[in-house]
Amino acid sequence: MKLNLMTKSTVCGLLLSSFLATAQKTKLEVDLTKSITKIQPTMYGVFFEDINFAADGGLYAEMVKNRTFGFDAPLMGWLQPNSNVHSFNKDSGIATPMRTSENPNNPDFCRVIINNDKGYQILNEGFRGMGIKKDAKYNLSLKAANHNNEIKKIIVQFVDANKKVLGETSIVPSSTGWKDYSTQIVATGTEAKAQLKITFEGTGTIDLDMISLFPEETWKNRKNGLRKDIVQLLYDLKPGFVRFPGGCIVEGRTLENRYQWKKTVGPVEDRETMINRWNVEFKNKQAPDYFQSFGLGFYEYFQLSEDIGAEPLPILSCGIACQYNSGELVPLEELDPYVQDALDLIEFANGAVTTKWGKLRSDMGHPKPFNLKFIGVGNEQWGPQYIERYKIFAKAIKEKYPNMTIVSGSGPSPDGAMFDYGWEELKKLNAEIVDEHYYKNPEWFKENAARYDKYDRKGPKIFAGEYAAHPKGVEDGLKENNWLSAVSEAAFMTGLERNADVVHLTSYAPLMAHVDAFQWAPDMIWFDNLNSYGTANYYVQKMYSNNRGTDVLAITKDGKPLTGQEELYATAAKDTDKKELILKLVNTSGKAQDLEVNLSGKNVDSKGKMILLTHQNLEDYNTLAEPTKITPSEKDFKLTGKKAAVSLPAYSFVVLKLKMK
Ligand code: AHR
């Protein structure tokens, strides 16, 4: 009995203290007059790489895979259901890959022989299918040479898996020599995995090339355009920069398949198809049909950056192939063409229309310069070989373009011998911006919110160029973009913003992935052939980027920044243009936390806005079926006196905005 009473009183005591604990508010201080440092407009950007079918099959709206028959297996992507190479003369027809020396960049084409009227057909399978929407229009174009004018008609149709026709059109091939044809198909149904079927009227031989199909509706309705829904997601981020074209794709598995920007500009049909380095990178994620058409090339990247109000940030090969693969090196005495590529790129972006490369930009439709300010030398290189090559690039670029800001790299890890070596050497060379990469577990992100507090304020600036929290024990795929990963990134990012004096650019990576064709997860945006959506990680990025502010303010508890004490993280900023105070508060704990933020120095309006991103299950994630399961909500916020009382739900990220008087 006595024991029972004691137990009861202990329980009562515990309940009372836990009540007092929850009722107790954590007190924070913000002085609105104390601007600590500026936040760069480039602070929150995006990292684009053609990985996970992000370009061909994704952002780039082309729907035909292998339109130039330029894959290593020239008919890959093309099906001939009623034909067999071993019985070609008995079949209704046959398609044969051909190669000519007349067009060195696009030497391949397809010769189709129609033997009879028994319905020979070729089908293009698209990128894991083609997404078509009922009543939407699709622009088809192709090149054909109708040898003896015996083919009377080319019939082009959308078909579904049951071969039901979902729209059709036809072309009369009127020339024996190569000629361009174009037409339009209106889809009569919606289908995510349609195929393009081509049949022929007449018997004879016809050559086909550059068979291309785009939705009429692309971003800004451009020809050779980009998928509108995906660009919209990027636009909504209001990114400060677009880094392109990668990633390891810059380096190539070998030097031969490094990214060469000059091969990606000029007429689209002259851009040589090349294997994508992610094609066979991972044993469990083989994508033998992953090639680069370069239809989305450097001109289009610059244009995209301009369209979404972001600084272009191209990264170029520095003469080292991916050190995880071949690690091939260009001898220093043979580095000139690589350096020249960098100098010519600057001319392509910024040069007068009277210059060689400026003229090409103008001919492609953009006489005005793209106003390039940054250029990256090498992606994820390490060791003395990188430093030697970086030096040569930096000297040549600065001599000709002293105002160009050069981004250098510190390798693939955020610490360790190679990282330290790279940093030490780059510091000695007065490097301007150093790119750091970290793919780590969520705990690392939470534990590293103070990473940049310790950085040398007089050294190079930081480009947190590739980062993402990779949840432990999760298989590859959508669920890696769970709420745990996103809320951990939100916590870490308070440290990026608090250190905006040294951290000038940041980007989550990779940016996007096709749900049926990805090699790497997590990714910020997922899509299929019809739809796309932002992950919880996307919304974290968006909340930071859309509420960036211009100046960092101190937000402290007992005079110290909040870097994870009680699992609380915070950063404060003001926007001097919009006259706004912006608080970003993250609670990574499983219990709600009440805060009282004392605002001193300046008066603020009593009414503000609170944007809340929270979810109670850390394992949950957004999907195509439930794209907004984890999505921010916005509500009015009321202030009493000079104190902001904020209740942070368990596992939450809050942006609080108050107008300054
Ligand atoms: O983002 C995926 C890859 O990760 C990038 O290509 C590379 O730079 C890094 O290793």
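Every number for a ligand or one of its atoms is a count from 1 in the order of the listing. Quick caveat, the model's predicted, so the values are computed rather than measured.
- Every atom of ligand 1 with a heavy atom of W520 under 4.0 Å away is listed here by number and element: 2 (C), 3 (C), 4 (O).
- Of the charged side-chain nitrogens involved, at least one lies within less than 4.0 Å of a carboxylate oxygen, so that D229 and R227 count as a salt-bridged pair.
- For ligand 1, one of its N or O atoms has an N or O atom of C248 under 3.5 Å away.
- Judged by distance alone, the side chains of T68 and E269 never bring a donor and an acceptor atom under 3.5 Å apart.
- Close contacts of ligand 1 with P510, meaning ligand atoms under 4.0 Å from a residue heavy atom, involve 1 (O), 2 (C).
- Protein heavy atom at the shortest distance from atom 1 (O) of ligand 1 is Y439 OH, 2.7 Å.
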What do the steps show when you test F298 against Y259 for ring pair (Phe, Tyr, Trp, His ring centres under 6.0 Å), and what is the final call?
CA-CA 10 Å; F298 260 44; Y259 198 102; 5.5 Å; yes
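- Of the protein's non-hydrogen atoms, E380 OE1, 2.7 Å is the one closest to atom 10 (O) of ligand 1.
- Under 4.0 Å from ligand 1, the heavy atoms of N379 that appear belong solely to its side chain.
- Aromatic ring orientation, W382 versus Y324: perpendicular (interplanar angle above 60°, classes split at 30° and 60°).
- Among protein heavy atoms, the minimum distance from atom 8 (O) of ligand 1 is reached at E466 OE2, 2.6 Å.
- If you check which protein heavy atom lies closest to atom 6 (O) of ligand 1, you get E49 OE1, 2.5 Å.
- Remark: of the listed residues W357, F302, Y299, W357 is the sole one forming a ring pair (Phe, Tyr, Trp, His ring centres under 6.0 Å) with W261.
- A salt bridge is defined here as a Lys NZ or Arg NE, NH1 or NH2 lying under 4.0 Å from an Asp or Glu carboxylate O, and E619 with K479 fails to meet this definition.
- Only the side chain of W278 comes within 4.0 Å of ligand 1, judged by heavy-atom distances.
- Heavy atoms of Y467 come nearer than 4.0 angstrom to ligand 1 in no pair at all.
- Contact annotation for Y324 and ligand 1: no heavy atom of the residue comes within less than 4.0 Å of the ligand.
- Atom OH of Y421 has more than 12 neighbouring heavy atoms from other residues, nucleotides or ligands inside a 6.0 Å radius.
- The number of heavy atoms from other shown groups lying within 6.0 Å of CD (Q232) is above 12.
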